[in-house]
Amino acid sequence: MNLIAVLSIAVAVIAISISCFIIWKTQKQIALISEALADIKAGNGNRRILAGEHELTASLAFEINEVVISYENKLALLRRADEANKQLMTSLSHDVRTPLTTLIGYLDAVHKGIVTGADRNSYIESARRKAYDLKEYVDILFDWFKLNSNEFAMDIHPVETVALTRSILIDWIPILEDKHINYTFDIPEQPFHADLDSDGYMRIINNLMQNAVTHSRADKISLALSEQQGNMRILLADNGIGMENADLEHIFDRLYKCDKGRTSKGSGLGLSIVQQLVEKLNGTITAESETGKGTSFILQFPLTPATFVAGALYFIRLLKTIKR
């Protein structure tokens with residue numbers, strides 16, 4: 001047998017040996033993958049498939065790990081959502097039942113003639129206030145479920161926000177005066193245009209005003225509308241009791257109620273609804289607060305080109321007026 005034949009046989013033997021080793025190692029890796037998948041299927045979402053970077057099954061193992069991580073993250077979100085929904089139902093049961101029970105108690109006392117004269121009128125007025133509180137709570141719940149349903153849609157179109165903001169705030173003046181809260185509204189004459197849903201924008205401003213009036217314990221509230229770097233900027237501030245940083249970090253969380261910076265009244269959904277609406281309108285919202293000095297909310301929405309055209313025309317008319 002010549003040397004070439006010997007070498008050929010040796011090479012063939014080595015190749016077969018290497019192939020057998022690779023097949024054995026691959027089978028071992030597949031067995032480990034199968035074992036890991038069985039463990040994951042049994043509920044161990046933290047299980048990962050280990051593989052060397054140059055192994056044949058490496059890309060498969062890495063892809064499986066990515067899929068497992070993705071589904072585990074989705075499951076975690078679902079668990080948190082389920083827990084939040086349970087918390088919401090518990091809160092709903094308490095927050096609706098309490099004012100409803102009180103409302104029925106007042107009305108029953110009036111109906112049965114237990115109270116008369118001035119007391120009767122006082123009971124009726126108390127029942128009326130409880131009914132409005134209950135309606136406000138139900139409205140917030142309706143907004144929340146609507147926002148988180150697949151059927152929610154917005155009619156976004158160019159809106160002249162100066163006039164709209166002014167009309168919203170006019171309705172708050174009697175409420176502020178009734179509660180002896182001083183107010184300052186700084187609304188420019190120049191028209192601003194932004195792509196918004198009118199109802200959504202009204203809900204944002206009303207929720208923020210309601211939050212300040214109901215929870216801040218302030219005796220002064222201010223709202224300023226201005227243009228800043230191509231955005232419409234809204235600053236809503238109060239001089240109330242404010243809140244600590246620990247509360248401020250969670251102020252937009254669903255069902256979160258500040259123990260020190262807020263009264264106990266409220267659903268814990270109002271500011272979360274505001275944040276969702278702002279984001280759906282391509283805006284941003286941030287909050288600043290200092291204990292004992294008050295809280296400020298800063299909103300920004302992109303202005304449309306029509307605003308800058310309208311602004312130019314406004315200043316031209318203003319110059320003409322000055323010249324006269």
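Heads up: numbering here begins at 1 and tracks the sequence. The analysis underlying the following values was restricted to heavy atoms, covering all of them including side chains, and did not include hydrogens, waters or symmetry mates.
Nearest approach of T295 to S289, heavy atoms of both residues: OG1-OG, 2.9 Å. The heavy-atom pair separating I187 from L169 by the smallest distance is CD1-CD1, 4.0 Å. Nearest heavy atoms, T116 versus G113: CG2-O, 4.0 Å. Between I156 and K280, the closest heavy-atom pair is CD1-O, 3.8 Å. When all heavy atoms are compared, the tightest approach of L271 to F252 is O-CD2, 3.5 Å. Residue G240 comes nearest to D238 through the heavy atom pair N-OD1, 2.9 Å, listed as atom of the first residue, atom of the second, then distance.
You'll find the side chain of M154 reaches within 4.5 Å of the side chain of L281, heavy atoms only. Put simply, the side chain of I221 does not reach to within 4.5 Å of the side chain of W172, judged on heavy atoms. Here the side chains of N211 and N207 are not in contact, with every heavy-atom distance at 4.5 Å or above. Side chains of I285 and I298 form no contact here, defined as non-hydrogen atoms less than 4.5 Å apart. At least one side-chain heavy atom of F192 sits under 4.5 Å from a side-chain heavy atom of E227. At least one side-chain heavy atom of S296 sits less than 4.5 Å from a side-chain heavy atom of L235. M232 places none of its side-chain heavy atoms less than 4.5 Å from the side chain of Q300. At least one side-chain heavy atom of I204 sits less than 4.5 Å from a side-chain heavy atom of F301.
Atom NE2 of H111 has 12 or fewer neighbouring heavy atoms from other residues, nucleotides or ligands inside a 6.0 Å radius.
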Output, in order, the C-alpha distance, side-chain angles, deciding distance and verdict of side chain to side chain contact (heavy atoms under 4.5 Å, CB included) for N282 and D195. CA-CA 9 Å; N282 300 315; D195 289 330; over 6 Å; no
Determine whether D197 and H157 satisfy the following criterion, side chain to side chain contact (heavy atoms under 4.5 Å, CB included), listing intermediate values before the conclusion. CA-CA 6 Å; D197 174 87; H157 60 278; 5.8 Å; no
Under the criterion side chain to side chain contact (heavy atoms under 4.5 Å, CB included), I'd like the reasoning laid out for L225 against V162: C-alpha separation, chi angles, the key distance, then a yes or no. CA-CA 8 Å; L225 187 67; V162 169; 3.9 Å; yes
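With hydrogens and angles ignored, the 3.5 Å screen pairs a side-chain donor or acceptor of E160 with a backbone N or O of A163. With E125 contributing its side chain and A127 its backbone, the two residues share no donor-acceptor pair below 3.5 Å. Under the 3.5 Å distance criterion, the side-chain polar atoms of D247 are left unmatched by any main-chain donor or acceptor of M243. Formation of a donor-acceptor pair under 3.5 Å by the T165 side chain with backbone atoms of T161 is found in this model. Looking only at distances, a side-chain donor or acceptor of T304 sits under 3.5 Å from a matching main-chain atom of H193. R120 places no side-chain N or O within 3.5 Å of a backbone atom of A109 that could act as its donor or acceptor partner.
Counting side-chain heavy-atom gaps under 4.5 Å among Ile, Leu, Val, Met, Phe, Trp and Tyr, I170 is found in no cluster with other residues.
Here the straight-line distance linking atom CD1 of I124 with atom CG of L107 works out to 8.0 Å at 0.5 Å rounding. Note that CG of L196 is 11.0 Å distant from CG of D155, once rounded to the nearest 0.5 Å. Rounding to the nearest 0.5 Å places CD1 of I205 at 8.5 Å from CG of L164. A distance of 10.5 Å separates OG in S126 from CG in L103, rounded to the nearest 0.5 Å. Rounding to the nearest 0.5 Å gives a distance of 12.5 Å between CE of M202 and CG of L277. Put simply, CG on L223 and CZ on R166 are 11.5 Å apart, with the number rounded to the nearest 0.5 Å.
Placement of I104 and I114 in two distinct hydrophobic clusters is found when ILVMFWY residues are connected by side-chain heavy-atom separations under 4.5 Å, directly or transitively. Cluster membership check: L134 shares its hydrophobic cluster with V213, using side-chain heavy-atom separations under 4.5 Å among Ile, Leu, Val, Met, Phe, Trp and Tyr. The same ILVMFWY cluster, assembled from side-chain heavy atoms under 4.5 Å apart, contains both I175 and L208. Cluster membership check: I173 shares its hydrophobic cluster with L236, using side-chain heavy-atom separations under 4.5 Å among Ile, Leu, Val, Met, Phe, Trp and Tyr.
At a cut-off of 3.5 Å, with distance as the only test, a side-chain donor of N239 or D219 sits close to an acceptor on the other residue. Using a 3.5 Å distance cut-off with no hydrogens or angles, the side chains of S222 and T184 do not pair a donor with an acceptor.
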